[in-house]
Amino acid sequence: ATSPILGRVVAQLAGWQTAEMGGTRLAQDQVWAKPPSAPALTFHRDSPYFFFSPSDQVVTVWLALDDMDEELGPLQYVVGSHLWGE
């Protein structure tokens, strides 16, 4: 949760390299454990669970701790879903 490399990558991808933004800060970390044979999670947006203002300056990073393939149901993104609004 304190990886300077991950912090730099997130800041670069989000465009937070300006003096005003000051890079990145970790606000929360958590572990989601999905046991074998558990049903798939439904598509959802993380932003309603975060109470940050402005909410468009939050980045969620998901890291798999195990090898992932289609059979295991890895994380999927819906292109453009960030434009759907709350």
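Predicted, not measured: the structure shown is a model, and the values here were computed from it.
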When rounded to the nearest 0.5 angstrom, what distance separates CG in Leu63 from CG in Asp29?
-> 11.0 Å
Cluster overlap Val59 with Val9, hydrophobic side-chain contacts below 4.5 Å | no
Can you get from Leu13 to Tyr77 by hopping between Ile, Leu, Val, Met, Phe, Trp and Tyr side chains that sit under 4.5 Å apart?
-> no
Under 6.0 Å from the CG atom of Leu75, do we count more than 12 heavy atoms belonging to anything else shown?
-> yes
Within 6.0 Å of CG in Asp69, more than 12 heavy atoms from elsewhere = yes
